[in-house]
Amino acid sequence: METIDLLVIGGGSAGMAAAIQAKKEGIDRILILEKNEVLGGILNQCIHNGFGLTEFKEELTGPEYLSRFVQQVEDLKIPYKLNTLVTDISLDKVVTFTNASDGITHLQAKAIIMATGCYERGAGAIQIPGDRCAGIITAGTAQKYLNIHGYLCGKRIVILGSGDIGLIMARRLTLEGAKVICVSEIMPYSNGLNRNIAQCLDDYHIPLYLSRSVSQVIGKQRLEKVVLSAVDEKMKFIPGTEMEIECDTLILSVGLIPYLSLLNNIGCPISSTKGPLVNEHLETKIEGIFSCGNCLHVHDVVDFVTDEGRLAGHGAALYLQQLLPHDADIPVVAGEGISYVLPQSIKSDNREDVVLKFRVRKPIQDIYIIVENSGVLLSKTFKPVLIPSEMAMIKIKKEQMANLHDQVTVRLEKR
Ligand SMILES: Cc1cc2nc3c(=O)[nH]c(=O)nc-3n(C[C@H](O)[C@H](O)[C@H](O)COP(=O)(O)OP(=O)(O)OC[C@H]3O[C@@H](n4cnc5c(N)ncnc54)[C@H](O)[C@@H]3O)c2cc1C
């Protein structure tokens, strides 16, 4: 069986950044395996602009952004295989993949980086009551139909969920001549970035209904109507609030889930983000297997995915060079007001700055982010506003991260 130093599964933004970083740090025998016919992952279908503001200080489209990384992969001569699906990995890092030219192939890797992205929750996942008719699709599928294949998925459209993909599709479908009747959101606030609400809904006079969800879909073959009902604080429909809307398409933008079946199959411990538990080098609980990008936790902005890919590439390079710290794992805990924090542990002999990434449970203003190690304050940062859809980050200097013990806690404190 062929042996390789580093195998990267998934050639999206995270996987490419990870491979590039590992190569720059001296790892030579790297291979990227990508199931699609091109590198770049989901950004291939995101033809709107707004990518790269942090990374390049420019506003690029998705394909423009990713092409810069494809170029680096080419320049560094990092090998990759396209149309290649990884079907299995084992605890001792034997990877099974399949494609038309190699057939079913096994490869022994010394280290693996999982960069498989995420998938969208569909109609089954949210159990919408009513008929099982055509015309109900996810926002990402509608985006792929429109931007890659040139098909408009409907003429009168209701969008469920106000995450960024839903908002961007509201604008895109309107520009292509569809009537987007409304966006309906079950939460009392939008899950999208403020700039997307302004640029994708307000500019096109598309109403956003908060605390409202689909209580019924009606249609014999194709969707004919949806019923939107208000919900109470427990997310229960409130009788008497029904709004019947004639439409032919319901687009679902109701959440992304890390794509993790390969890690699940080998019993890799999973966190509340539905991604694997990782330490500060993004190493999972299985030695030598790293994770980054949307398969670790769902990101709002691709620039941060790229950065995280680099961190995983750096971690894998250190692992292969036998330079990773080895002491005890100090747990990192999400305290008051925080829904999750990442990494979930830091080595007590960590020697590098650590960026803690987290999300808040609900929109909140005038707040301090407190990071402490067993009662000792490591950092206190003021934020005028934090919202759940935006990933927040706090960088802690390595000097403060030395000699950690018990646990690190991230929590919010009102000013
Ligand atoms: C529909 C959709 C729209 C989005 N729109 C935006 C946007 O407008 N702006 C923004 O900043 N972010 C957007 N995002 C978020 C965006 O996905 C991330 O910012 C970033 O692109 C994720 O990069 P990634 O490498 O983690 O995942 P991906 O780009 O999804 O890449 C993962 C790659 O892994 C491959 N793969 C998966 N499993 C296997 C396997 N078993 N074998 C081989 N290859 C495999 C996939 O084919 C894919 O190419 C969107 C996400 C989705 C799902």
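Keep in mind the model is a prediction, meaning the values are calculated, not measured.
In this structure a side-chain-to-backbone donor-acceptor pair under 3.5 Å is present from Asp232 to Lys236. For the pair Asn36 (side chain) and Val38 (backbone), a donor-acceptor distance under 3.5 Å is absent. Panel note: side chain Asp353, backbone Lys398; a donor-acceptor pair is recorded below 3.5 Å. Side-chain atoms of Ser184 come within 3.5 Å of backbone atoms of Arg212 as a donor-acceptor pair (strictly under, hydrogens ignored). Side-chain atoms of Thr174 come within 3.5 Å of backbone atoms of Ala170 as a donor-acceptor pair (strictly under, hydrogens ignored). Without hydrogens or angle criteria, Asn191 side chain to Ser162 main chain gives no donor-acceptor distance under 3.5 Å. Counting only distance, with no hydrogens or angles, the side chain of Glu58 and the backbone of Leu60 share no donor-acceptor pair below 3.5 Å. With hydrogens and angles ignored, the 3.5 Å screen pairs a side-chain donor or acceptor of Arg121 with a backbone N or O of Val254. With Lys285 contributing its side chain and Gly267 its backbone, the two residues share no donor-acceptor pair below 3.5 Å. Within the 3.5 Å criterion, the main-chain N or O of Ile289 finds a donor-acceptor partner in the side chain of Thr284.
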Can Asp329 and Lys347 be said to form a salt bridge (Lys or Arg N to Asp or Glu O under 4.0 Å), step by step? CA-CA 5 Å; Asp329 282 331; Lys347 291 283 177 197; 3.0 Å; yes
For Glu25 and Gln21, what are the C-alpha separation, side-chain angles and deciding distance, and is it a side-chain contact (heavy atoms from CB on, under 4.5 Å)? CA-CA 6 Å; Glu25 293 190 29; Gln21 185 65 30; 2.7 Å; yes
Does the side-chain hydrogen bond (donor to acceptor under 3.5 Å, both in side chains) test come out yes or no for Asn49 and Glu59, once each step is laid out? CA-CA 6 Å; Asn49 63 350; Glu59 265 207 64; 3.2 Å; yes
Should Ser345 and Gln407 be marked as a side-chain contact (heavy atoms from CB on, under 4.5 Å) after you check the CA-CA gap, both sets of side-chain angles, and the distance that decides it? CA-CA 9 Å; Ser345 66; Gln407 71 172 39; over 6 Å; no
Decide side-chain contact (heavy atoms from CB on, under 4.5 Å) for Cys292 and Ile113; before the verdict, give the C-alpha distance in whole Å, the side-chain angles of both, and the deciding distance to 0.1 Å. CA-CA 7 Å; Cys292 56; Ile113 294 180; 3.8 Å; yes
Could you check Asp28 against Lys23 for salt bridge (Lys or Arg N to Asp or Glu O under 4.0 Å), going step by step and ending with a plain yes or no? CA-CA 6 Å; Asp28 257 338; Lys23 179 82 182 183; 3.3 Å; yes
Checking Val70 against Val73 for the side-chain contact (heavy atoms from CB on, under 4.5 Å) test, could you report, in this order, the C-alpha distance in whole Å, the side-chain angles of both residues, the deciding distance, and whether it holds? CA-CA 5 Å; Val70 175; Val73 168; 5.5 Å; no
Quick one: do Glu372 and Arg411 satisfy salt bridge (Lys or Arg N to Asp or Glu O under 4.0 Å)? Show the steps, please. CA-CA 9 Å; Glu372 49 199 6; Arg411 64 180 173 84; 2.9 Å; yes
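Using a 3.5 Å distance cut-off with no hydrogens or angles, the side chains of Thr306 and Glu308 do not pair a donor with an acceptor. Side chains of Asn83 and Asn99: no donor on one and acceptor on the other come within 3.5 Å.
Using bins of under 30°, 30° to 60° and over 60° for the plane-to-plane angle, the ring pair Phe51/Tyr65 lands in the tilted bin. The aromatic rings of Phe69 and Phe56 sit tilted relative to each other, their planes meeting at an angle between 30° and 60°.
Across all their heavy atoms, Cys295 and Leu260 have their closest contact at O-CD2, 3.7 Å. Heavy atoms only, all atoms of each residue included: Val226 and Cys247 are closest at CG1-SG, 3.9 Å. For the pair Ser374 and His405, the tightest heavy-atom approach, listed with the atom from each and the gap, is OG-O, 3.3 Å. Here the closest heavy-atom approach between residue Arg361 and residue Pro388 is recorded as O-CG, 3.8 Å. In plain terms, the two heavy atoms of Leu6 and Ile27 that are nearest each other are CB-CG2, 4.2 Å. Here the closest heavy-atom approach between residue Leu404 and residue Ser348 is recorded as O-CB, 3.8 Å.
Between the CD atom in Gln143 and the OG atom in Ser253 there is a gap of 9.5 Å [rounded to 0.5 Å]. Taken to the nearest 0.5 Å, the CG atom of Leu412 stands 5.0 Å off from the CD1 atom of Ile367. The line from CG of Leu377 to CD of Gln400 is 8.5 Å long, rounded to the nearest 0.5 Å. Atom CZ of residue Arg172 and atom SG of residue Cys46 lie 11.0 Å apart, to the nearest 0.5 angstrom. Between the OG1 atom in Thr249 and the CZ atom in Arg156 there is a gap of 10.5 Å [rounded to 0.5 Å]. Residue Cys118 holds its SG atom at 13.0 Å from NZ of Lys274, rounded to the nearest 0.5 Å.
Figure legend: cation-pi geometry between Arg359 and Tyr340 absent, as NZ or CZ is not positioned both under 6.0 Å from the six-membered ring centre and within 45° of its axis. A cation-pi arrangement is absent between Arg171 and Tyr204, since the terminal nitrogen or guanidinium carbon is not both under 6.0 Å from the aromatic centre and inside a 45° cone about the axis.
Atom CD of Glu74 has more than 12 neighbouring heavy atoms from other residues, nucleotides or ligands inside a 6.0 Å radius. Counting non-hydrogen atoms of other residues, nucleotides and ligands closer than 6.0 Å to CD of Glu399 gives a total above 12. The environment of Phe382 atom CZ is dense: over 12 non-hydrogen atoms of other residues, nucleotides or ligands sit within 6.0 angstrom. More than 12 heavy atoms of other residues, nucleotides or ligands shown are found within 6.0 angstrom of CD on Gln321. At most 12 non-hydrogen atoms from other residues, nucleotides or ligands lie less than 6.0 angstrom from NZ of Lys77.
Each of Ser213, Ser215, Ser211 was scored for a side-chain hydrogen bond (donor to acceptor under 3.5 Å, both in side chains) with Ser229, with one residue passing: Ser215.
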